[in-house]
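Down below is the structure, laid out as structure tokens.
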Protein chains: 2
Amino acid sequence: MFEFGNHIRRRREELRQSDRTYSVRQVAARVGVEPSYLSKIERGREAPPSEAKIRALAHELDEDPDALLAMAGKVAGDLQEVIRRRPHLMSQLIREVQSMPDANLRHLVARARQRKN
Amino acid sequence: MFEFGNHIRRRREELRQSDRTYSVRQVAARVGVEPSYLSKIERGREAPPSEAKIRALAHELDEDPDALLAMAGKVAGDLQEVIRRRPHLMSQLIREVQSMPDANLRHLVARARQRKN
DNA sequence: TCTGATGTGTAGTGTATAGTACATACTACA
DNA sequence: TGTAGTATGTACTATACACTACACATCAGA
């Protein structure tokens, strides 16, 4: 599962084509970690960082924080909080949609959004 | 946040009324931890145990594992897995239902169950 | 050519997590 | 009154998490 690091590295180098400031050192500085740490993460020699750093990385690389967190094997703290507030209902809902195809799930999200349910 | 320990203690002592085997020692043995550890947890001197032990405790005390995990500030691993598989859709869904009243949420769960969506 | 930026290696740190092991003190009851 | 069972206190431990600090080799550009 070094998916995370690989992805970060590819994305950073992609951005670097048009902007030289996307070096390990400078991205690390902007995200707030040591360059060697980011380097190790990108090469999978170190586990993904904390949620806060992953969010900073997502912002820096213009990526979806939730997707990045997922690659890191994590779930956003605010989502966990929503589940913990109503554990029974939320657990039911999540287990229920588990096997639902994307299209149907999208439909359900839309319905929830419209407060029709 | 010593909600968890308090709850466990009350529930255990409740069961103890009709069954003497619900002592700290014996429950700890059945759940697979040291009695002193369970004692500390119940009095909030120690943080809640791992998900596995919480599940064993839920089974032992005949309670909802998801509710107990929530009290412990945790979210079941299988639910996290569901979210990580489709981070974008699942995050949307969860944030969408966040402010939905229980009744509507129950309705949404029912709909999901019937695969009508 | 040399200088500044770059990536990476090695070592170490503080804190949290998830407990065990054993000693001690109380308490019910035979 | 002794003893079996019960709860709790104290001390430890091992592993993971989330990093920092700094040295070093390389490499591109002025």
Side-chain angles (χ1 to χ4, degrees), chain A residues 1-2 4-58 60-61 65 68-69 71-77 80, chain B residues 1-2 4-58 60-61 65 68-69 71-77 80:
Chain A
M1 309 283 168
F2 38 158
F4 180 80
N6 256 300
H7 181 85
I8 296 294
R9 168 138 299 191
R10 277 200 303 274
R11 178 66 180 143
R12 186 180 56 73
E13 301 207 314
E14 185 188 328
L15 288 170
R16 205 186 188 185
Q17 306 297 317
S18 47
D19 187 339
R20 269 185 233 76
T21 75
Y22 283 89
S23 67
V24 169
R25 277 177 129 86
Q26 301 205 50
V27 169
R30 291 198 294 268
V31 164
V33 297
E34 286 293 307
S36 64
Y37 184 43
L38 178 56
S39 170
K40 277 179 289 190
I41 288 166
E42 286 191 351
R43 287 169 300 128
R45 307 286 241 100
E46 195 79 44
S50 65
E51 175 167 351
K53 303 297 183 188
I54 290 173
R55 285 189 182 286
L57 223 32
E60 192 58 37
L61 304 177
L68 235 45
L69 284 166
M71 278 184 225
K74 310 197 186 218
V75 168
Q80 299 204 28
Chain B
M1 312 282 170
F2 38 156
F4 179 81
N6 256 300
H7 181 84
I8 296 295
R9 168 139 299 192
R10 278 199 303 273
R11 179 66 182 143
R12 186 180 55 74
E13 300 208 315
E14 185 188 327
L15 289 170
R16 205 186 190 185
Q17 304 299 317
S18 47
D19 187 339
R20 270 185 233 74
T21 75
Y22 283 90
S23 66
V24 169
R25 277 172 130 82
Q26 301 205 49
V27 169
R30 292 199 293 269
V31 163
V33 298
E34 287 293 307
S36 64
Y37 185 43
L38 179 56
S39 171
K40 277 179 288 189
I41 287 166
E42 285 192 350
R43 288 169 301 127
R45 309 284 243 98
E46 194 80 45
S50 65
E51 176 168 350
K53 304 296 186 189
I54 291 174
R55 285 188 182 285
L57 222 32
E60 193 58 38
L61 304 177
L68 235 45
L69 284 166
M71 279 185 224
K74 310 197 186 218
V75 169
Q80 300 204 28

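Here is how names work: the chains are called A, B, and so on, in the same order as the sequence lines, proteins then strands, and each is numbered from 1.
- Within the structure, salt bridge (Lys or Arg N to Asp or Glu O under 4.0 Å) pairs that include any residue of residues 18-33 of chain A comprise A:Arg30-A:Glu60 (at least two apart or interchain).
- In terms of the salt bridge (charged side-chain N to carboxylate O under 4.0 Å, His left out) criterion, residue partners of A:Arg12 (sequence neighbours excluded) are, by chain and number, A:Glu42.
- Annotation for B:Lys74 and B:Ser50: closest pair NZ-CA, 4.1 Å, computed over non-hydrogen atoms.
- Proximity of residues 24-37 of chain A to DNA chain D (heavy atom under 4.0 angstrom from any strand atom) is restricted to A:Gly32, A:Val33, A:Glu34, A:Ser36, A:Tyr37.
- The salt bridge (charged side-chain N to carboxylate O under 4.0 Å, His left out) test applied to B:Glu14 returns B:Arg11, not counting sequence neighbours.
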Atom pairs under 3.5 Å, N or O on each side, protein against nucleotides 15-17 of chain D: can you list them with distances?
none

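- Nearer to the 5' terminus of DNA chain D, by closest-nucleotide assignment, is the contact made by B:Arg45 (compared with the other of A:Ser50 and B:Arg45).
- Along DNA chain C, read 5' to 3', the first and last nucleotides having any atom under 4.0 Å from a heavy atom of chain A are C:dT6 to C:dA11.
- Non-hydrogen atoms lying under 4.0 Å from DNA chain C are contributed by nothing in residues 5-16 of chain B.
- By the side-chain contact (heavy atoms from CB on, under 4.5 Å) test, B:Glu51 pairs with B:Arg55, B:Leu69, B:Ala76, sequence neighbours left out.
- Partners of A:Arg45 under the side chain to side chain donor-acceptor pair (under 3.5 Å) rule, at least two apart in sequence or in another chain, do not exist in this structure.
- Applying the side-chain contact (heavy atoms from CB on, under 4.5 Å) test to B:Ala56 and every residue at least two apart in sequence or in another chain returns B:Val31.
- Every side-chain contact (heavy atoms from CB on, under 4.5 Å) that A:Glu46 has, sequence neighbours left out, goes to A:Tyr37, A:Lys40, A:Ile41.
- Under the salt bridge (charged side-chain N to carboxylate O under 4.0 Å, His left out) criterion, A:Glu34 pairs with no residue, sequence neighbours left out.
- Heavy atoms of A:Lys40 sit under 4.0 angstrom from at least one base atom.
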